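Some notes on the structure that comes next.
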Amino acid sequence: MIKFLDLQQVNAQYREELLAATARVIDSGWYILGKEVSAFEQAFAQYCQAEHCLGVANGLDALILIFRAYKELGLLNEGDEVIVPANTYIASILSITENNLKPVLVEPDLATYNIAPELVQQAITSKTRAILAVHLYGQCADMPALKKIAEDNNLLLIEDAAQAHGATCLGQKAGSLGDAAGFSFYPGKNLGALGDGGAVTTNNKQLADVINALRNYGSQEKYVNRYQGLNSRLDELQAAILNIKLNYLDAETQRRRTVADQYLNGINNPLISLPTIATNNRHVWHLFIIRTPDRAALQNYLTGQGIQTVIHYPIPPHQQAAYETWNTMQLPVTEKIHQEVLSLPMSPVLSHEDVVQIIGTINEFSL
Ligand SMILES: *Cc1c(COP(=O)(O)O)cnc(C)c1O
């Protein structure tokens with residue numbers, strides 16, 4: 001069986017270093033907001049070409065805290081509209097509704113799966129205050145176009161970079177392409193912890209200060225509470241692990257790119273649409289997504305041939321029970337994507353031979 005993602009194998013590569021880091025934290029006697037988190041925040045800010053980084057509990061909280069901080073700063077108010085791609089992972093939407101802001105779902109471009117800037121322009125109303133750009137599957141959204149729209153309309157531009165560690169647009173890294181960005185270090189992400197973790201990056205010192213307080217009960221000084229905050233901190237153990245894994249992120253991304261090139265050059269089945277990389281972008285291949293009209297047939301066939309695949313994602317946010325009032329909305333591009341996408345095995349530990357086998361098997365698929 002070729003696994004979609006063998007996390008055990010990914011982390012086994014660094015076993016000795018991870019054990020040593022874990023021991024270092026155990027022996028330090030300091031487990032929350034200490035040296036490991038500070039070191040990681042500094043290293044990850046630098047990696048993202050951003051001035052500030054704040055470690056938080058997970059990717060969803062990173063996004064929630066960004067919107068929450070803008071509310072504390074008076075730049076967002078409840079009921080304000082936030083434009084977001086309709087074909088994103090549910091967490092992007094949850095971060096908006098959790099803050100009592102209003103998501104405005106906009107269709108993506110079918111070639112890149114990222115939000116279509118011309119449709120963003122059309123969706124702007126007098127209540128629009130922000131765009132949440134999602135760098136889906138590891139490729140940056142069209143940030144130059146979105147930045148222009150944001151500037152022209154005085155909107156905040158926030159990145160959901162949970163799938164895009166190290167991705168670039170015009171050479172600039174995800175995490176420094178907008179006003180603030182949220183990252184996830186969920187184990188399966190390109191930079192994955194051994195548990196939950198997340199971070200916010202920004203060049204805005206004021207915003208960073210508010211988030212720094214909000215993640216820690218709204219307190220900057222112990223027992224002095226400036227805001228009604230949360231408890232959403234990256235812990236020392238996960239930070240120590242991330243400090244090690246960050247050193248290997250670029251090498252792992254390079255492996256992903258090699259796998260993606262192999263797929264792109266090798267798959268030539270007319271029933272299959274391959275992903276498109278927009279000019280200006282460096283894709284980091286969190287997921288390698290193909291599309292095919294009869295997805296169930298392809299997935300069953302691949303399973304039968306010992307190749308594990310996953311669907312990201314089977315149900316779009318507007319068709320979820322959690323957002324029942326949207327269930328009658330029609331978003332044909334988003335719906336088509338959710339019906340047709342299939343994620344092929346993709347990871348830094350996938351072997352050349354496995355990829356050759358997957359390509360051969362896919363090219364022999366017929367209806
Ligand atoms: C994973 C993910 C998140 C949420 O991150 P968690 O750490 O799982 O909370 C948000 N947005 C996108 C696009 C994601 O893929």
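As the structure lists them, so they are numbered: ligands from 1, and atoms in each ligand from 1. Just so you know, these numbers come straight off a predicted model, no measurement behind them.
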#### Entry: D160 N/O under 3.5 Å from ligand 1 N/O
yes
### Task
Could you tell me whether some N/O pair between A162 and ligand 1 is separated by less than 3.5 angstrom?
no
### Task
Could you tell me whether S184 and ligand 1 have an N or O pair separated by under 3.5 Å?
yes
### Query
If you measure from each heavy atom of K189 to ligand 1, is any distance below 4.0 Å?
yes
### Task
Check if D196 has a non-hydrogen atom at a distance under 4.0 Å from any atom of ligand 1.
no
### Task
Under 4.0 Å from a heavy atom of L60: give me the atoms of ligand 1 that qualify, with their elements.
4 (C), 5 (O), 6 (P), 9 (O)
### Message
Angle between ring planes, Y301 versus F365, binned at 30° and 60°: parallel, tilted or perpendicular?
### Response
tilted
### Message
Apply the hydrophobic cluster definition, ILVMFWY joined by side-chain contacts under 4.5 Å directly or through others, and give me every member besides L146.
### Response
I83, V104, V106, I115, L119, V120, I124, I131, M143, I149, L155, L157, L177
### Query
What about F185 and F40, are their ring centers closer than 6.0 Å?
yes
### Query
What residue and atom, counting heavy atoms only, is the protein's closest point to atom 10 (C) of ligand 1, and at what distance?
A91 CB, 3.4 Å
### Query
Does any pair with a residue in residues 193-202 pass side-chain hydrogen bond (donor to acceptor under 3.5 Å, both in side chains), and if so which ones, sequence neighbours excluded?
none
### Message
To the closest 0.5 Å, what do you measure between CD1 (I358) and CE (M346)?
### Response
9.5 Å
### Message
Quick check with a 6.0 Å cut-off and a 45 degree axis cone: is K173 positioned over the face of Y47's six-membered ring?
### Response
yes
### Query
Looking at atom 15 (O) of ligand 1, what's its closest protein heavy atom, distance included?
Q163 NE2, 2.8 Å
